[in-house]
Amino acid sequence: MYIVQIAPECAPVAKVGGLADVIFGLSRELEIRGNEVHIILPKYDCMRYDQIWGLQVSMRDLWVPWYNSAIHCTVWFGFVQGRKCFFIEPHSPENFFNRGHFYGFQDDVSRFAFFSKAALEFMLKDNRRPDIIHCHDWQTGLVPVLLFEQYAHAGMGGSRACYTIHNFKHQGLTGEYALWATGLTNIAHYFNYDRLRDNFNHTAVNLMKGGVVYSNFVTTVSPTHSHEARFTDQSSGLGPVLNTHQGKFGGVLNGIDYDIWNPEIDPHIPERYGIETLDSKYVNKEALRDRLWLKKDYKPIIAYVGRLDSQKGVNLISHAIFYALRNNAQFVLLGSSPDPHINQHFWNLKRHLNDSPDCHLELGFDEELSHLIYAGSDMIIMPSLFEPCGLTQMIALKYGTVPIVREVGGLKDTVFDKDYSHKPWEERNGYVFQGADNAGVESAMHRAIALWYTYPDDFRQLVTHGMSCDYSWCRPGQDYLNIYEHIRCK
Ligand code: ADP
């Protein structure tokens, strides 16, 4: 099959969160299974260009229709750790992708509406006719709309669209202008509750809703979250639309790429280890302490790695820091936030805890350091308010770092409580709590810290259970291929 992934992120060149890992890992798995896979991305100025090999112009002059005119683009091609990627570079006064950051601009919707249009225009003009176009999140929600309403009639009628929602919180709500800009000028047709009109904000066009309505298949990133999205308030209002389209909606758990996230071969950690050589993990623990100036003491290290977003339960993360420090544990945090209030909150905390020998807060994005934290910590905490899938806990499991998580979304599908799970003992791999409150966090942290101190052999067994889990792309890769096969044009 010829599959094109259209996405705003791809690890490691353009990574903000888990979406980037998914694009890379899924593409790799699909290739291993004998498919031709291309990835189309914006050409951001802030990408990791050191991770792109053989960057060269693929199409010098691509003119992308935009409002009543057209924007001149150049399309580049390069390999990202073996993946074949095209990068779209518009030459327009708006400077869509040369802003020093991936997101966070007032015209984000315009930027990605343009990208969606440009990706299709590129495939049309370059005679690329994928069997499957797989697009992701609100940024590419217009792709299935444009494919069906415009490009199918222009020669791309054989391509089918799969749409994956990684996060319902951001849906790309915008004004009618996005329709005008991309040539969907029959406004009465598109700005309709059956198509792109938002169900709650009656004056808004909803790009994610467009993606759902027009795709041949829609997924979200774990079975539990697909249920939550339809039947609870976790889809930010998209539940009724998903229920209307339930016949083409399902949950596929993300995988992680064990070529990158694997302590046995990880080049970013000082000492490699596996289940048989678990003691070497503690060399990394010492290295982590050296790197972050933590005291060398007989204490567990509890970590948080991730975006500092309200979704992640920032108050509960803050609470976990103080609870750990009060209960003979050390705490390491690596995270960043585009939200100035949240950012300020953690900078204040960092200053407040500056002299603590048991705590380090690293505020920023640092891929290499994240590997050392996964390897060097004993436990990782994720008190998310909602969590469509979560990669952090799956990575932690592979590194023998016991996850302490809230029972929500993909966390519920991947972490099984040591004391209360119905699974057999050898499948229990962490700690799970229910309430999104301090008491919930404390109950699970208390049990984890107590086991570490009191029954180290049991703790070690829990560690090895986690390391034995298989959350690779093997199964989800097959799940996606089954979906592609189901919808492809035969
Ligand atoms: P989300 O997709 O909501 O951001 P996930 O748990 O699915 O959360 O994926 C997070 C990914 O991003 C993981 O690979 C994690 O290691 C990485 N990550 C998040 N924040 C940082 C950071 N500040 N520095 C390094 N890596 C980070």
Side-chain angles (χ1 to χ4, degrees), residues 222-224 253-266 269 271-285 288 299-305 320 324 329 371 373-384 387 389-434 440-441 443-476:
S222 67
T224 293
L253 191 71
N254 283 336
I256 57 170
D257 191 332
Y258 286 144
D259 272 1
I260 292 168
W261 300 110
N262 182 351
E264 289 176 88
I265 53 169
D266 191 331
I269 60 176
E271 190 79 13
R272 316 227 164 108
Y273 62 96
I275 293 181
E276 305 301 328
T277 50
L278 193 53
D279 285 339
S280 301
K281 178 172 169 66
Y282 301 99
V283 177
N284 296 299
K285 184 169 177 177
L288 179 62
K299 286 184 177 181
I301 300 181
I302 305 177
Y304 175 83
V305 178
H371 286 249
I373 295 178
Y374 287 119
S377 306
D378 297 286
M379 305 159 202
I380 202 146
I381 184 139
M382 293 180 75
S384 306
E387 192 61 75
C389 176
L391 300 180
T392 305
Q393 81 282 9
M394 295 199 264
I395 299 171
L397 286 167
K398 186 70 180 169
Y399 282 76
T401 301
V402 173
I404 304 171
V405 306
R406 184 156 172 262
E407 190 179 43
V408 69
L411 298 173
K412 186 174 173 183
D413 293 330
T414 51
V415 181
F416 308 104
D417 190 88
K418 176 199 162 270
D419 299 313
Y420 300 116
S421 169
H422 298 302
K423 298 256 179 197
W425 164 233
E426 46 309 337
E427 288 177 35
R428 301 184 191 183
N429 55 13
Y431 289 91
V432 181
F433 61 94
Q434 285 173 344
V441 172
S443 69
M445 285 181 76
H446 172 77
R447 290 188 291 130
I449 295 171
L451 190 77
W452 190 90
Y453 274 111
T454 323
Y455 299 103
D457 290 343
D458 287 4
F459 190 87
R460 204 178 161 99
Q461 271 195 34
L462 202 59
V463 166
T464 57
H465 295 170
M467 294 175 85
S468 314
C469 294
D470 179 4
Y471 290 124
S472 68
W473 273 104
C474 186
R475 191 168 151 197

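Computed from heavy atoms alone, side chains included, the values below leave out hydrogens, waters and symmetry copies.
A distance of 9.5 Å separates CD of E427 from NE2 of H465, quoted to the nearest 0.5 Å. We find the CG-OG1 distance between D413 and T224 to be 3.0 Å, quoted to the nearest 0.5 Å. Taken to the nearest 0.5 Å, the CG atom of N284 stands 12.0 Å off from the CD1 atom of I373. For the atom pair CG of L288 and OG of S377, the computed distance is 5.5 Å after rounding to the nearest 0.5 Å. Residue M379 holds its CE atom at 8.0 Å from CG of L451, rounded to the nearest 0.5 Å. Annotation: the span from Q393 atom CD to T414 atom OG1 amounts to 4.0 Å, rounded to 0.5 Å.
Between the side chain of T464 and the backbone N or O of I275 there is no donor-acceptor pair closer than 3.5 Å. Judged purely by atom type and a 3.5 angstrom limit, N429 uses its side chain to pair as donor or acceptor with the backbone of F416. The backbone N or O of P403 sits nowhere less than 3.5 Å from a side-chain atom of Y431 that would complete a donor-acceptor pair. With hydrogens and angles disregarded, no donor-acceptor distance shorter than 3.5 Å links the side chain of T277 to the backbone of Y273.
Considering all non-hydrogen atoms of both residues, G430 and L462 come closest at N-CD1, 4.1 Å. Listed here is the closest heavy atom pair of W473 and D257: CD1-N, 4.0 Å. The minimum heavy-atom distance between G255 and L391, with the atom names listed, is O-CD2, 3.8 Å. Between A396 and I380 the shortest heavy-atom distance is CB-CG2, 3.6 Å. Looking at every heavy atom in both residues, G440 comes nearest to S443 through O-OG, 2.7 Å. Across G410 and S222, no two heavy atoms sit closer than the pair N-OG, 3.4 Å.
Results of the side-chain hydrogen bond (donor to acceptor under 3.5 Å, both in side chains) test with D378 over K285, K299, K281 single out K285 as the only residue that passes. A side chain to side chain contact (heavy atoms under 4.5 Å, CB included) with I404 holds for exactly one of V432, I381, V441; it is I381. With respect to D417, the side-chain hydrogen bond (donor to acceptor under 3.5 Å, both in side chains) criterion is satisfied by exactly one of K423, R428, R447: R447.
Salt-bridge annotation for D279 and R460: present, with a side-chain N of the basic residue lying under 4.0 Å from a carboxylate O of the acidic one.
Residue-environment remark: CD (E276) stays at or below the threshold of 12 foreign heavy atoms within 6.0 Å. Dense packing is recorded around OH of Y282, with more than 12 heavy atoms of other residues, nucleotides or ligands lying under 6.0 Å away. The neighbour count for K418 NZ, taken as heavy atoms of other residues, nucleotides or ligands under 6.0 Å away, is above 12.
Judged by the 6.0 Å and 45° rule, K398 forms a cation-pi pair with Y258.
Residues Y399 and M467 fail the side-chain proximity criterion, which asks for heavy atoms closer than 4.5 Å. When side chains are defined from C-beta on, Y304 does not count as touching T392, because their heavy atoms never get closer than 4.5 Å.
Classified by interplanar angle (parallel below 30°, tilted 30° to 60°, perpendicular above 60°), the ring pair W261/H371 is parallel.
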**Study point:** Check against side chain to side chain contact (heavy atoms under 4.5 Å, CB included), L253 and C389
**Key:** CA-CA 7 Å; L253 191 71; C389 176; 3.9 Å; yes
Exercise for review: Decide side chain to side chain contact (heavy atoms under 4.5 Å, CB included) for V405 and F433; before the verdict, give the C-alpha distance in whole Å, the side-chain angles of both, and the deciding distance to 0.1 Å.
Suggested key: CA-CA 6 Å; V405 306; F433 61 94; 5.7 Å; no
**Study point:** Derivation and outcome, side chain to side chain contact (heavy atoms under 4.5 Å, CB included), residues R272 and E264
**Key:** CA-CA 5 Å; R272 316 227 164 108; E264 289 176 88; 5.6 Å; no
